[in-house]
Structures are given as structure tokens and as C-alpha cells.
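Working notes, structure below.
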Amino acid sequence: MPTTIRKLAEMKRAGEKIPMVTAYDYTAARIADAAGIPIILVGDSLGMVVLGYDSTIPVTMDDMVRHGRMVSRGASEALVVVDLPFMAYQVDPAEALRNAGRLMQEGGAHTVKLEGGVAIADTVRRIVDAGVPVMGHIGLTPQSVNALGGYRVQGRTRAAARRLLDDALALQDAGAYSVVLECVPSQLARLITQRLTIPTIGIGAGPDCDGQVQVFHDMLGLFADFVPRHARQYAKLAEDMGKAFRRYADDVRSGAFPAEAESFTMNEQVLADLLES
Ligand code: KIV
């Protein structure tokens, strides 16, 4: 059964945890979907793990539309959430709504995600009122990395924790159906999760969120540069891929690849005729 935002609300009420992973193309989306992951996020993290930028800031609407389309073709059951990239929603609510609509019409999104709390609550309301479900994202908001002074845990002081609680409540009041809590102390994530009626999805926010999200390159060991503290590696695909590429190169150099089983033949008479002509 396809995941709906209604189903996610029921999962929170039933205490059923919600797994979510990122995917950026058709193949990864198909694998995650077939594994029963109910939410696939086309995160703007694609800027770092796919496009090779050092932050998510250069990611464009065209990038998100292209990768959203790839993922939506691979996901038949999962809810596909596509990120609004930096400056696609901050300038004014009308432009934000147009961009959210574009992610749905052209990018195959079922819902969109954007970063921020109280400051963008009116924008969230405008998008939701137009029929586009919105997932919020607070705490460490990577599009604001320069304003935050780096990728660091948020909400550790009393004032900062209060602000995050207010942000979460403002998103819920504005009609968001869920909110991502990134890199916040577990105790604060638990408090926010208890106060909200909509599901919280944590990343580096402890075990008490209603769901968890991970960047699949981190959890599969595909991004070799570093492993964030909040990630658990379930595979070492970069290592496995490196080994496979080396074996392939050795086989090509030695002539062991391709063998007969990997080659095609033609009728010997056709070959003989060709040689005579
Ligand atoms: O872009 C992304 O992958 C995200 C997750 C880290 C939540 O926003």
C-alpha cells in the first residue's frame, strides 16, 4: 500500500516507527522502495554526495526537479519527498509556492521539504493551503551552515532549545504534516516529539523521534570522505566497489575478461563468406 501523509499520522498514533532514507536516482529508489522504506527523500544533500559540492547551497531547482523525476520513477509505494533548495522559498511565499508546485508537476514529488521554523511559517501555510503537503526541517539546517557557523549540534542552551520548540510548534500550526529534527540533543527531540501531534523524523536527534532519516551514502559506506557521528554503517559499498573495479581492471589487463560466456558468436559460414569477399 502506498504511503500517505495520513498513514504517517496513524503510525505516530500507533507508536510505529517511521524509517526514511534519501535516494537521488531511479536505481536507489527502486531498491529502497522494494525494501519497504515508506518515505524516500530526494534531499538537497545530493549537492554533496552526488554533485560533489562542499555544501547544499549551490543546488538548484533544476537539480531537484531532475533527480526528483528519477526517484519518482523508481518508487511505487514510498512517499517521495523532494527538498526545496536554497533560495527557492526564502524570497517570497508566491515564488515558494510556484517552486513547490514545480517539484510536484515536473519533479514527481508527493510532498516537499523546506528548512526553517517560525521565520517561514507563513510560507509553509501558503504552500499547504494550495494542496502541497509540507515537511519541515529544523535544528541543524544545512542551507544556513554559514549563518550557524558550521555543522554543529543545535538547541543546547535554554534559549536555543526554546526557539526550536517554538519553531516546531509554528510548523505544525502552519499545517506541516511532519518535521525533521537534525542534530539536536536527544532530550529536546523527545520533548518536541511529545509536544507535537505530527510525526518527528530525526537525524542525529536520538531514539525517541517518531522516525529516523539517513543519507544513504552515509549508511551504506558510499561516501568515503567522512562518516557523521549520527550515522551507522550497514555496508561498506565504497570498499566493495573499489575492490570490484580493481578486479575488473586486472581481468581486462590480463585478458581474463571477457570470456566466452560474456561474448557473442556468429555463424562460421557468414564469417568465411566475409573473409572471401
Ligand atoms: O538533504 C537531506 O538529505 C536532508 C536530510 C539530512 C534530512 O535534508
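Heavy-atom basis, side chains included; hydrogens, waters and symmetry copies ignored. As the structure lists them, so they are numbered: ligands from 1, and atoms in each ligand from 1. Everything numeric here is computed off the predicted structure, so don't read it as measured data.
- Protein heavy atom at the shortest distance from atom 2 (C) of ligand 1 is Ser45 OG, 3.2 Å.
- At the top of the distance list for atom 5 (C) of ligand 1, counting protein heavy atoms only, stands Leu41 CD2, 3.7 Å.
- Short contacts between ligand 1 and His137, defined as distances under 4.0 Å to a heavy atom of the residue, involve ligand atoms 7 (C), 8 (O).
- Under a cut-off of 6.0 angstrom, the local environment of CE in Met241 is sparse, with at most 12 non-hydrogen atoms contributed by other residues, nucleotides or ligands.
- Of the possible donor and acceptor atoms, one in the side chain of His67 sits under 3.5 Å from a partner among the backbone N and O of Tyr24.
- The residues Arg30 and Asp33 are annotated as not salt-bridged, no charged nitrogen and carboxylate oxygen being separated by less than 4.0 angstrom.
- Looking at Thr3 and Glu77, their side chains never bring a donor and an acceptor atom within 3.5 Å of each other.
- Using a cutoff of 4.0 Å between basic side-chain nitrogens and carboxylate oxygens, Asp166 and Arg162 are scored as salt-bridged.
- Near Asp83, the atoms of ligand 1 lying under 4.0 angstrom from a non-hydrogen atom of the residue are 1 (O), 2 (C), 8 (O).
- Proximity to Gly43 (heavy-atom distance under 4.0 Å) selects the following atoms of ligand 1: 1 (O), 2 (C), 3 (O).
- Atom numbering of ligand 1 starts at 1 in the shown order; those under 4.0 Å from a heavy atom of Thr22 are 3 (O).
- Remark: among candidates Thr141, Leu46, Ile203, the nearest residue to atom 6 (C) of ligand 1 is Ile203, based on non-hydrogen atoms.
- Counting protein heavy atoms only, atom 8 (O) of ligand 1 is closest to Lys113 NZ, 2.8 Å.
- Between the side chains of Asp44 and Gln143, at least one donor N or O lies within less than 3.5 Å of an accepting N or O.
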